Number of protein chains: 2
Amino acid sequence: MTPTEILTLYHLRKTPTRLSILEYLQISHLPQSENEIHKKMQDSYDRITFYRTIQTLMEAGIIHRIVADNTTVRYALNHYNSQLDEQNHDHVHFYCTKCGKVECMEEVVVQPYHLPDGYKIEECNVVVKGLCRQCIIKDHDR
Amino acid sequence: MTPTEILTLYHLRKTPTRLSILEYLQISHLPQSENEIHKKMQDSYDRITFYRTIQTLMEAGIIHRIVADNTTVRYALNHYNSQLDEQNHDHVHFYCTKCGKVECMEEVVVQPYHLPDGYKIEECNVVVKGLCRQCIIKDHDR
DNA sequence: TTTGTATATGAAACAATGTTGCAAATGTAA
DNA sequence: TTACATTTGCAACATTGTTTCATATACAAA
């Protein structure tokens, strides 16, 4: 689905900032930070617009925010289960403590948690921290 | 264990800022934000010292940081299993999306996750978001 | 194609949080 | 009491989050 098609589907206006962010997230293998998105968009970038665009896309359920750390925030497209036409972002996120890379582990599903009576669970975020393949290899070389 | 005893145990100097933060976290039922700690410490508070004290206490394993959200960071004392004298902060954190409260759910243990070969897991953070008892009750009243 | 209008943008202005370098202050061991 | 390694607090700055409001724009309807 193209960025234009996505915005049409969600009844959102096709503004340049929205289209640019969606385009960039689509071609990105990994979740991207504001800074990384900024670099790609160059001059056409305005922080306030970025901020509001992110809000809009998140509220619509088009993207999700990954908070890996108190200083590490990334954004990624939601993936859809085409059969159910339903959102499927109940996956685990991986954060490499050495290189700072963040990954959506689409195949690793979040376990259900039970809280004491009286709590209502809406969502569950899981961030697994450790070393990625590349960083383990670099470690061995030393 | 008193703050003084904790710092002695970890071979850290007993400075006023460290003692104040530990004292406050000990009497706090819930994890506290920098802002909340700041209010308690009043004039004797310096942001840079706070920042570095938090680093020191976290590195020592005395406290842990809970990142519930990109704008919600709290700190809490680690709890110890007195029998094993070992750290036990592999618990789930709850974040109320209505009142912003954060809780350590000591009794809800983090499920083990398996990542593809090549990843080395060091730590796993779980934040369950939803409504707390009080906010559910308030919701019903409306 | 033009136009009206609800929506989105971007400037200004500010709050909160994270971070480093460095000189002065201080905790603690001798 | 002293010596010194450690810690503090100031200055200075970077990043991120947020609101208000006038202007610009997307797009539906004429």
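Heavy-atom basis, side chains included; hydrogens, waters and symmetry copies ignored. None of the values given here were measured: they were computed from a predicted structure.
With hydrogens and angles ignored, a donor-acceptor pair under 3.5 angstrom links the side chain of A/R47 to the base of D/dG17. Donor-acceptor pairing under 3.5 Å, judged by distance alone, is absent between the side chain of A/R52 and the base of D/dG17. Below the 3.5 angstrom threshold, one finds a donor paired with an acceptor across the side chain of B/R13 and the base of D/dA5.
Centroid-to-centroid, the aromatic rings of A/H79 and A/H64 stay 6.0 Å apart or farther.
Looking at the side chain of B/Y75, the nearest of the listed nucleotides C/dG18, D/dC27, C/dT28 is C/dG18. Nearest nucleotide to the side chain of A/N70, out of C/dA11, C/dT26, C/dG18: C/dG18. Minimum atom distance to the side chain of B/P16 is reached by C/dG27, of the listed C/dG27, C/dA12, D/dA12.
The nearest whole Å value for the distance from the CD1 atom in A/I48 to the P atom in D/dA22 is 17 Å. In this structure, CZ of B/R74 is placed 10 Å from P of C/dT17, rounded to the nearest angstrom. Rounded to a whole Å, the NE2 atom of A/H11 is 18 Å from the C1' atom of C/dA8. Between the P atom of C/dT26 and the CG atom of B/D46 lies a distance of 13 Å, rounded to the nearest Å. Going from atom CG of B/L19 over to atom P of C/dT26 covers 15 Å, rounded to whole Å. Between the P atom of C/dA8 and the CG atom of A/L7 lies a distance of 11 Å, rounded to the nearest Å. B/I54 places its CD1 atom 13 Å from the P atom of C/dT19, with the value rounded to the nearest Å. Summarising the geometry, the separation between CZ on A/R65 and P on D/dT16 is reported as 12 Å, rounded to the nearest angstrom.
Look at A/Q55 and you won't find any side-chain N or O under 4.0 angstrom from OP1 or OP2 of D/dG17. Put simply, B/Y51 has no side-chain N or O that comes within less than 4.0 Å of OP1 or OP2 on C/dG18. For the pair A/T15 and C/dT9, the criterion of a side-chain N or O lying under 4.0 Å from OP1 or OP2 is met. In this model, the phosphate group of C/dG10 is approached by a side-chain N or O of A/T49 to a distance below 4.0 Å at OP1 or OP2.
Judged by closest nucleotide on DNA chain C, B/N35 is the one of B/N35 and B/K14 placed further toward the 5' end. Closest-nucleotide positions on DNA chain D for B/T71 and B/T53 were compared, and the one nearer the 5' end corresponds to B/T53. Nearest-nucleotide positions on DNA chain C place A/L12 closer to the 5' end than the other of A/L12 and B/F50.
Using a 4.0 Å cut-off between charged side-chain N and carboxylate O, A/E34 and A/R74 make no salt bridge.
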### Message
A/Q134 vs A/K101, test: side-chain hydrogen bond (donor to acceptor under 3.5 Å, both in side chains). Steps then yes/no.
### Response
CA-CA 11 Å; A/Q134 291 84 345; A/K101 180 171 70 182; 3.3 Å; yes
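Taking the six-membered ring where tryptophan is involved, the planes of B/F50 and B/Y45 are tilted, since the angle between them lies from 30° to 60°.
Using modelled atom types, one finds a donor on one side chain and an acceptor on the other under 3.5 Å when comparing B/T71 with B/D69. Using modelled atom types and a 3.5 Å distance limit, the side chains of B/Y95 and A/E122 yield no donor-acceptor pair.
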